[in-house]
Amino acid sequence: MKEILKKAEKLGCKIPHKKWSDIDRELGPVLRAMEETGIKLDVFEFQKLKKKLKTQSSKLKAQIIKLAGKDFNLASPPQLSEILFKKLKLPADDIKKNKFGISTGASELMKLRHKHKIIDLILEYRELSKLLSTYLEPLPKLVDDDSRLHTHFGEDTRTSRLTSSDPNLQNIPIRGSFGSEIRKAFIAEKGNLLISADYSQIELRIVACLSQDVVMLKAFRDGVDIHSKTASEIFDTPVVKITNEQRRVAKTVNFGVIYGISPYGLSQTLGIEQSRAAEYILRYFKIHSGIKRYCQEQVDLAKKLGYVETLFGFQRKLPEINSPIRAVAEGAQRMAINTPVQGTAAEVLKLAMIKLYKKLSAKEAKLILTVHDELIVEAPKTEAQNVAKLMKEIMENEVKLCIPVEVEIGIGRNWNEAKNSANKS
DNA sequence: ACAATGGTCC
DNA sequence: ACTCGGACCATTGTA
């Protein structure tokens, strides 16, 4: 306990006097209550969407079979691979191989988009069948008499992050053509509203704080767009001249840092040459020397102690860090870097949940969901504005990092509306 | 029942 | 040869 406070103080943080085990103990009842409350699904809208996608998906399937010139099981990667690369003879040179032959993963198929019109149809079909089989078909069967879905929260034993299963409500689509359509069907009870509160860049803020990297600390204190700032650094270009594409690359680099970046991994994610990815990383670490030092420190610590730990003292053991197999050792190195960041982010969220749960007990409002850096509360319309203010206040101040913690709040009749009404400022 | 493949989220 | 962190879940195909 003393060690934890000392460490926090050294980093310029103000934190509750708790260790991770205290947090988890207090969180238990909060999670059980959330499971019990559940979230309401607009089953009628869900079924409507289901029918729409089913029709669309059958049409696509027919077109694909016609183009393939042979009936086959589209859901079977081996069969699809056979069709694409044997029957249609698409070039497989740049495509990853797997146990069964040539990969048909989306990232690989993307490379073939301009070789044959069947590719786009397959990608679209995959998207629809994913939505149907994972969300649209199963979820309506799981609602209770009040049309509410009850997930089961658990905890990842390695990082302490919260998990959701049966059903998993932490991977409900948000991107893609139908993501927002699906989220629109997660609604508030009549007379209520949903309030969504999102931490803004919480993991990067934690990296900045744990590493004390002066450049990144300044960026967050100045309140600048962090990805544009990184782009400006990597591409040696003024922020105002940064293109959307450059910003996108920089965003991936920033995420890469959190994950324990490697040139190969970055090149795969961005679909670029490994040498170019290496160049980005080199430039990044040259400017963010504090982050570079932090990463090295974590790896050294893991080698010396056999574990790394979060701000609140949660430990992850990493014996593989001394493995003679390089891929294994490197994997452990990435975990040494990532786990304190991801774990600390989880702890910040959990502490906010505990505080919020207590404050809401006097109100009608109820916590109903958490998705890693987001909290959702359902509240009577009359209370919504006040509850929103309360959530923001608690989430931004329960744990004080050495830089501001920022939370975006949105209110709406459904999950989509709540997220989109967040005022960007 | 289980591995492999693929895909959704943060 | 090299898989950027962490989950959960669906389907196929083999055992």
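Residue numbers start from 1 in every chain, and the chains themselves are labelled A, B, ... in the order their sequence lines are given, proteins ahead of strands.
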Visitor: Applying a 4.0 Å non-hydrogen cut-off, can you work out what A:Ser165 is touching in the nucleic acid: base, sugar-phosphate, or nothing?
Guide: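 Contact class for A:Ser165: sugar-phosphate only.
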Visitor: Which residues satisfy the side-chain hydrogen bond (donor to acceptor under 3.5 Å, both in side chains) test with A:Lys61, sequence neighbours excluded?
Guide: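 With sequence neighbours excluded, A:Lys61 shows a side-chain hydrogen bond (donor to acceptor under 3.5 Å, both in side chains) to no residue whatsoever.
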Visitor: Which nucleotide wins on minimum distance to the side chain of A:Ile261, given the candidates C:dC4, C:dA10, C:dG13?
Guide: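 Among the listed nucleotides, the one closest to the side chain of A:Ile261 is C:dC4.
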Visitor: Let me know the distance between CD1 of A:Ile119 and C1' of B:dG6, rounded to the nearest Å.
Guide: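 Value for this atom pair: 15 Å.
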Visitor: Would you mind reading off the distance between A:Asp156 atom CG and B:dC9 atom C1', rounded to a whole angstrom?
Guide: 15 Å
Visitor: Measure the CG-CD distance between A:Leu369 and A:Glu374 for me, rounded to the nearest 0.5 Å.
Guide: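 So the gap between those two atoms works out to 7.0 Å.
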Visitor: Reckon A:Leu131 touches a base, only the sugar-phosphate, or nothing at all at heavy-atom distances under 4.0 Å?
Guide: nothing
Visitor: Between the base of B:dC10 and the side chain of A:Arg161, is there a donor-acceptor distance below 3.5 Å?
Guide: yes
Visitor: Where the side chain of A:Asp166 is concerned, which of C:dC4, C:dC9, B:dT5 is the nearest nucleotide?
Guide: C:dC9
Visitor: Rounding to an integer number of Å, can you tell me how far A:Lys251 NZ sits from B:dC10 P?
Guide: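 For the pair A:Lys251 NZ and B:dC10 P, the rounded distance is 10 Å.
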Visitor: Would you say B:dG6 has OP1 or OP2 under 4.0 Å from some side-chain N or O of A:Ser103?
Guide: yes
Visitor: Does the separation of the ring centres of A:Trp415 and A:Phe186 fall below 6.0 angstrom?
Guide: yes
Visitor: For the pair A:Lys389 and A:Glu393, find out whether any cationic side-chain nitrogen is under 4.0 Å from an anionic carboxylate oxygen.
Guide: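 The answer is no: the pair does not qualify as a salt bridge.
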Visitor: Between C:dG5, B:dC10, C:dC8, which nucleotide has the shortest distance from any of its atoms to the side chain of A:Asn338?
Guide: C:dG5
Visitor: On DNA chain C, check which nucleotide each of A:Gln274 and A:His372 is closest to and give me the residue with the more 5' one.
Guide: A:Gln274
Visitor: Taking only the side-chain nitrogens and oxygens of A:Ser76, find out if one of them lies under 4.0 Å from OP1 or OP2 of C:dG13.
Guide: yes
Visitor: So if I apply the salt bridge (charged side-chain N to carboxylate O under 4.0 Å, His left out) rule between A:Glu378 and each of A:Arg148, A:Arg413, A:Lys40, which one comes out positive?
Guide: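 One option only clears the test, and that one is A:Arg148.
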Visitor: Verify the contact: side-chain N or O of A:Arg126 to OP1 or OP2 of B:dG7, cut-off strictly under 4.0 Å; return yes or no.
Guide: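 Looking at the OP1 and OP2 atoms of B:dG7, one of them is under 4.0 Å from a side-chain N or O of A:Arg126.
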Visitor: Does C:dG6 have OP1 or OP2 sitting under 4.0 Å from an N or O in the side chain of A:Gln170?
Guide: no
Visitor: Work out how far the P atom of C:dA1 is from that of B:dG7, and round it to whole angstrom.
Guide: 24 Å
Visitor: Distance check: side-chain N/O of A:Thr163 vs OP1/OP2 of C:dC8, anything under 4.0 Å?
Guide: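 Looking at the OP1 and OP2 atoms of C:dC8, one of them is under 4.0 Å from a side-chain N or O of A:Thr163.
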Visitor: Mind calculating the distance between CD (A:Glu108) and P (B:dG7) to the nearest angstrom?
Guide: 10 Å
Visitor: Within the 4.0 Å heavy-atom criterion, would you say A:Ile172 contacts the bases, only the backbone, or no part of the nucleic acid?
Guide: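 Here A:Ile172 touches the backbone only, sparing every base.
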Visitor: Which nucleotide, B:dT5, C:dT3, C:dG6, lies nearest any side-chain atom of A:Arg334?
Guide: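 Out of B:dT5, C:dT3, C:dG6, the nucleotide with an atom closest to A:Arg334's side chain is C:dT3.
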Visitor: If only side-chain N and O atoms of A:Asn73 are considered, is one of them under 4.0 Å from the OP1 or OP2 phosphate oxygen of C:dT12?
Guide: yes
Visitor: Any idea which of C:dG6, C:dT12, B:dC10 is nearest the A:Ala75 side chain?
Guide: C:dT12
Visitor: Considering every strand and a 4.0 Å limit on heavy-atom distances, what is the contact class for A:Glu330: base, sugar-phosphate, or nothing?
Guide: nothing
Visitor: Could you tell me the separation between the CG atom of A:Asn416 and the P atom of B:dC9, rounded to a whole number of Å?
Guide: 13 Å
Visitor: Can you find a donor-acceptor pair, distance only, under 3.5 Å between A:Ser262 side chain and C:dC4 base?
Guide: no
Visitor: What integer number of Å spans the P atoms of B:dT5 and C:dC2?
Guide: 13 Å
Visitor: What contact category does A:Ala345 fall into here, base, sugar-phosphate, or nothing, at under 4.0 angstrom with non-hydrogen atoms?
Guide: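 Nothing: the residue A:Ala345, judged by heavy atoms under 4.0 Å, touches no strand.
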Visitor: Using a cut-off of less than 4.0 Å, is there contact between a side-chain N or O of A:Arg326 and OP1 or OP2 of C:dA1?
Guide: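 No, no such contact exists.
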Visitor: Would you call A:Lys50 and A:Glu137 a side-chain contact if the rule is heavy atoms closer than 4.5 Å?
Guide: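 Yes; the side chains approach each other to less than 4.5 Å.
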Visitor: CD of A:Glu203 versus P of B:dC9: gap in Å, rounded?
Guide: 16 Å
Visitor: Using whole Å, what does the distance between atom P of nucleotide B:dC10 and atom CG of A:Leu204 come to?
Guide: 15 Å
Visitor: Nearest of B:dT8, C:dA10, B:dC10 to any side-chain atom of A:Lys130?
Guide: B:dT8
Visitor: Side chain of A:Ala106, heavy atoms from C-beta onward: which of B:dC10, C:dG5, B:dG7 has the nearest atom to it?
Guide: B:dG7
Visitor: Hey, is the side chain of A:Arg183 poking within less than 4.0 Å of OP1 or OP2 on B:dC9, counting only N and O atoms?
Guide: no
Visitor: At under 4.0 Å between heavy atoms, what does A:Thr339 touch on the DNA or RNA strands: base, sugar-phosphate, or nothing?
Guide: nothing
Visitor: Pick the closest DNA chain C nucleotide for A:Gly265 and for A:Thr134 by heavy atoms, then say which residue is nearer the 5' end.
Guide: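 Nearest-nucleotide comparison on DNA chain C picks A:Gly265.
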Visitor: With distance as the sole criterion, do the side chain of A:Gln342 and the base of C:dG5 form a donor-acceptor contact below 3.5 Å?
Guide: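 Such a pair exists between side chain and base.
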Visitor: Given atom CG of A:Leu74 and atom P of C:dT11, what is their separation to the nearest angstrom?
Guide: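 Rounded to whole Å, this separation is 14 Å.
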Visitor: Heavy atoms only, 4.0 Å cut-off, all strands: where does A:Ser129 land among base, sugar-phosphate and nothing?
Guide: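 Answer is nothing: A:Ser129 stays at 4.0 Å or more from every strand.
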Visitor: Please find out if less than 6.0 Å separates the ring center of A:Phe46 from that of A:Tyr135.
Guide: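 Ring centroids of A:Phe46 and A:Tyr135 are no less than 6.0 Å from each other.
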Visitor: Which of these passes side chain to side chain contact (heavy atoms under 4.5 Å, CB included) with A:Glu26: A:Lys18, A:Lys355, A:Lys350?
Guide: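 Looking at A:Lys18, A:Lys355, A:Lys350, the match for A:Glu26 under the side chain to side chain contact (heavy atoms under 4.5 Å, CB included) is A:Lys18.
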